[in-house]
Every structure is written in structure tokens, then in C-alpha cells.
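Counting from 1, the numbers follow the sequence of the chain as shown.
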Amino acid sequence: AAVAGDEEPVPASASSTPRPTPTPGTSLAPGYTAMEALYADARVPRLPAKLKRVTLPKAGKSVIKDKRTRLAVPDLPKPWKSYGPAPFTTRQVLPKPRTGPRGMLVSCPVPIEVQKNHRDTALLAARWTLNHHPEGSEIRWLGSQRIKNGWTLLYEVEYGKRRSRAAVMVVDSGMSKPALVFISVPDTQRNRWRDIPKVIAGVRVLR
């Protein structure tokens with residue numbers, strides 16, 4: 001259900017002056033605010049007013065401490081493994097499948113323009129994650145809810161006949177920019193989709 005104070009804002013693009021469509025894959029198009037560019041991007045549909053809440057399990061105890069973001073990120077068991085983090089600050093991956101993308105879980109300071117509320121920042125972050133999916137990817141929303149110190153979005157990314165399930169978490173950890181945690185698992189590894197709620201439940205601010 002929608003949360004008071006986080007209603008979807010009306011885009012400021014009601015001007016009658018036409019402007020160019022934002023280029024897919026960019027975070028900000030010339031002449032647009034970040035949110036206007038989001039609303040003009042056909043790959044990212046409007047977030048419905050009501051979406052099913054994600055049922056979260058009990059958080060696990062094994063974590064990776066990301067000191068740059070001040071977050072504890074769940075340390076997922078095999079077949080997940082830690083991988084060279086750059087350009088992120090932590091990264092875990094699944095084995096590379098024969099075709100298509102591999103599952104990954106990453107954290108970093110948010111790489112997009114921070115908005116006035118966590119939900120809008122999460123929307124921009126979800127759009128940014130399309131850069132890490134196959135060309136032609138589009139989002140289909142599955143869930144949206146407040147989490148401790150932030151917001152999470154659950155969605156599917158559709159590309160051709162295939163799809164990935166993904167989630168972003170934007171968390172205010174007390175640093176100069178909020179932290180981003182992003183997990184994406186393709187349908188070729190759908191047996192690990194069950195790890196996505198575990199990640200949402202397990203992300204927390206380091207004390």
C-alpha cells in the first residue's frame with residue numbers, strides 16, 4: 001500500500017514546449033530534471049499506487065561489511081561467491097551461465113542524483129540498473145515498500161524472451177550520499193530468486 005508522505009509526485013514536464021526524448025541508458029537528458037527523464041523513459045513504467053509488499057524472511061547473520069557505504073550486506077552462501085568489486089564497493093556473483101547475464105549482488109554509494117525522498121531515489125536507481133542488463137531491457141514492477149532507513153523496489157527486467165528478477169535498496173547510512181544495494185538474478189538461475197528477499201531483509205546500517 002502507498003505510504004503517507006511518499007505519494008508519487010506529478011512530473012514537472014507539463015510544459016507545452018516539446019523537448020527531446022531522453023536517450024536510453026543515460027541518467028539525465030539535456031534540459032530535463034532527473035525525474036522528468038525518468039517519466040519520459042518508455043523502458044520504465046509509472047510505479048502503480050498499490051503494489052504487493054514483499055514477504056521478508058528473518059535476516060541471516062553472515063554479512064560483508066562495506067565500510068564505504070556503512071552497510072552490512074548479506075554474505076550469500078554457495079553458489080554465490082565474492083568477486084572483484086570495481087566499479088562497486090562490494091560484489092557477489094553466481095556462476096556464469098552458458099548464455100545471458102549472471103546473477104549479481106552489489107553495493108555502492110548511489111550513482112544517480114539523490115532526490116528529496118528515498119522512493120524517488122530508488123526509482124532513479126532502478127532505471128540506472130538497466131545499464132547492467134541486456135540491451136532492450138524494460139522494467140515491470142512487482143513490489144515497493146519502505147525499509148528501515150530507506151526504500152526498496154522489487155521488479156522484473158524483461159529482455160526479449162528472457163527476464164531477470166531484481167531489487168534495489170536505497171538506504172540512508174549517515175554518509176554524504178545514501179547507499180545502494182542492487183541484486184539481479186536471471187531466469188536461467190531462477191532457483192536463486194529466493195535469495196532476493198533474504199538480501200532485502202538482511203541489509204542494515206553498520207554501527
Side-chain angles (χ1 to χ4, degrees), residues 21-29 32 34-35 37-48 51-52 54 69 73-74 76 79-113 115 119-145 150-171 178-200 203:
T21 301
T23 303
T26 60
S27 59
L28 191 61
Y32 276 78
M35 293 304 294
L38 170 75
Y39 290 129
D41 193 332
R43 303 171 304 161
V44 186
R46 289 295 188 96
L47 191 67
L51 279 172
K52 183 178 178 180
V54 183
T69 62
V73 180
L76 297 176
W80 291 92
K81 66 176 182 178
S82 292
Y83 193 75
F88 310 102
T89 49
T90 72
R91 175 159 48 175
Q92 298 170 63
V93 298
L94 287 170
K96 189 167 180 58
R98 287 194 296 270
T99 61
R102 74 201 301 184
M104 69 173 182
L105 165 61
V106 302
S107 62
C108 61
V110 292
I112 42 80
E113 185 178 322
Q115 301 301 298
R119 193 194 63 168
D120 283 354
T121 303
L123 283 167
L124 291 179
R127 179 182 186 239
W128 171 84
T129 67
L130 291 177
N131 296 326
H132 297 278
H133 287 100
E135 187 176 353
S137 293
E138 297 181 353
I139 283 176
R140 183 171 73 87
W141 300 116
L142 299 177
S144 171
Q145 67 199 59
W151 201 273
T152 188
L153 295 170
L154 177 69
Y155 52 102
E156 283 192 344
V157 181
E158 299 174 343
Y159 38 92
K161 296 181 179 180
R162 310 311 302 243
R163 61 193 170 118
S164 292
R165 186 159 292 185
V168 292
M169 290 131 274
V170 170
V171 182
L180 171 67
V181 177
F182 162 50
I183 181 170
S184 178
V185 181
D187 57 4
T188 53
Q189 298 173 319
R190 69 175 65 219
N191 63 323
R192 305 318 309 180
W193 281 358
R194 63 180 182 265
D195 293 331
I196 296 176
K198 295 178 184 177
V199 171
I200 298 172
V203 170

*Asks:* Would a distance-only check, ignoring hydrogens and angles, find a side-chain to backbone donor-acceptor pair under 3.5 Å from Asp187 to Arg162?
*Replies:* no
*Asks:* Which value, rounded to the nearest 0.5 Å, describes the distance between Arg165 atom CZ and Leu142 atom CG?
*Replies:*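 CG of Leu142 is found 5.5 Å from CZ of Arg165.
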*Asks:* Would you find a donor on one side and an acceptor on the other, under 3.5 Å apart, between the side chain of Thr69 and the backbone of Cys108?
*Replies:*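 Side chain of Thr69 to backbone of Cys108, a donor-acceptor pair under 3.5 Å: no, none is there.
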*Asks:* With rounding to the nearest 0.5 angstrom, report the CD1 to CG distance, Ile112 to Leu180.
*Replies:*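 So the gap between those two atoms works out to 7.5 Å.
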*Asks:* May I ask you to test the Arg102-Pro186 pair for a side-chain heavy-atom distance under 4.5 Å?
*Replies:* no
*Asks:* Distance-only, no hydrogens or angles: does the Trp151 side chain make a donor-acceptor pair with backbone N or O of Ser144 under 3.5 Å?
*Replies:*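 Looks like no, no N/O pair under 3.5 Å.
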*Asks:* Evaluate whether atom OH of Tyr83 has more than 12 neighbouring non-hydrogen atoms of other residues, nucleotides or ligands under 6.0 angstrom away.
*Replies:*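 Not buried by this count: 12 neighbours or fewer within 6.0 Å.
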*Asks:* To the nearest 0.5 Å, how far apart are CG in Asp195 and CG in Leu76?
*Replies:* 5.0 Å
*Asks:* Between His133 and Ser184, is there a side-chain donor-acceptor contact under 3.5 Å, judged purely by atom types and distance?
*Replies:* yes
*Asks:* Would you say the side-chain atoms of Gln189 pair up with the backbone N or O of Gly103, donor to acceptor, closer than 3.5 Å?
*Replies:* yes
*Asks:* Set out, in order, the CA-CA distance, both residues' side-chain angles and the distance that settles side-chain contact (heavy atoms from CB on, under 4.5 Å) for Tyr155 and Thr129, then state yes or no.
*Replies:* CA-CA 11 Å; Tyr155 52 102; Thr129 67; 2.8 Å; yes
*Asks:* Do Pro85 and Val106 make a side-chain contact, defined as non-hydrogen atoms from C-beta onward lying under 4.5 Å apart?
*Replies:* no
*Asks:* For the residue pair Phe88 and His132, categorise the inter-ring angle as parallel (less than 30°), tilted (30 to 60°) or perpendicular (more than 60°).
*Replies:* tilted
*Asks:* Show the nearest heavy-atom pair for residues Ala166 and Ile196, with the distance to one decimal.
*Replies:*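 Heavy atoms only, the tightest pair is N-CD1, 4.2 Å.
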*Asks:* Quick check for you: to the nearest 0.5 Å, what is the distance between Ser107 atom OG and Ile183 atom CD1?
*Replies:*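 One finds 12.0 Å between OG of Ser107 and CD1 of Ile183.
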*Asks:* Side-chain contact test, heavy atoms from C-beta onward, threshold under 4.5 Å: evaluate it for Phe182 versus Leu105 and give yes or no.
*Replies:* no
*Asks:* Check Leu154 against Ala167 and note the closest heavy-atom contact, atom names and distance.
*Replies:* CD1-CB, 4.1 Å
*Asks:* If you look at every heavy atom in Arg119 and Leu47, which pair is closest and at what distance?
*Replies:*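 Closest approach of Arg119 to Leu47, heavy atoms only: CD-CD2, 4.0 Å.
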*Asks:* Strictly distance-based, threshold 3.5 Å: is any side-chain N or O of Asp41 a donor or acceptor partner for the main-chain N or O of Leu38?
*Replies:* no
*Asks:* Do Arg163 and Val157 have side chains that approach each other closer than 4.5 Å (heavy atoms only, starting at C-beta)?
*Replies:*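 Not touching, per the 4.5 Å side-chain cut-off.
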*Asks:* So which atom in Trp193 and which in Val185 form the shortest heavy-atom distance, rounded to 0.1 Å?
*Replies:* NE1-O, 2.9 Å
*Asks:* Counting only N and O atoms by type, is there a donor-acceptor contact under 3.5 Å from the side chain of Ser137 to the main-chain atoms of Tyr159?
*Replies:*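 No, the answer is negative, given that no donor and acceptor are paired below the 3.5 Å cut-off.
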*Asks:* Identify the heavy atoms of Ala126 and Trp141 that sit nearest to each other, and give their distance.
*Replies:*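 Shortest heavy-atom contact: CB-CH2, 3.8 Å.
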*Asks:* Between Glu158 (side chain only) and Arg140 (backbone N and O only), is there a donor and an acceptor less than 3.5 Å apart?
*Replies:*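 Side chain of Glu158 to backbone of Arg140, a donor-acceptor pair under 3.5 Å: no, none is there.
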*Asks:* How many angstroms lie between CE in Met169 and CD in Gln145, if you round to the nearest 0.5 Å?
*Replies:* 10.5 Å
*Asks:* Could you tell me the separation between the CD atom of Gln115 and the CG atom of Leu123, rounded to the nearest 0.5 Å?
*Replies:*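 One finds 9.5 Å between CD of Gln115 and CG of Leu123.
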*Asks:* Just by modelled atom types, is the Gly84 backbone N or O under 3.5 Å from a matching donor or acceptor in the Arg91 side chain?
*Replies:* yes
*Asks:* Do the side chains of Ile139 and Leu130 get nearer than 4.5 Å, heavy atoms only?
*Replies:* yes
*Asks:* Would you name the heavy atoms of Ala125 and Val170 that are closest together and state the gap between them?
*Replies:*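 Closest heavy-atom pair between Ala125 and Val170: CB-CG2, 4.4 Å.
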*Asks:* Would the distance check show the side chain of Gln92 and the main-chain N or O of Thr90 forming a donor-acceptor pair, the cut-off being under 3.5 Å?
*Replies:*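 Checking the backbone N and O of Thr90 against the side chain of Gln92, no donor-acceptor pair under 3.5 Å is found.
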*Asks:* Is Glu138 paired with Arg43 through a side-chain N to carboxylate O contact shorter than 4.0 Å?
*Replies:*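 No, this pair does not count.
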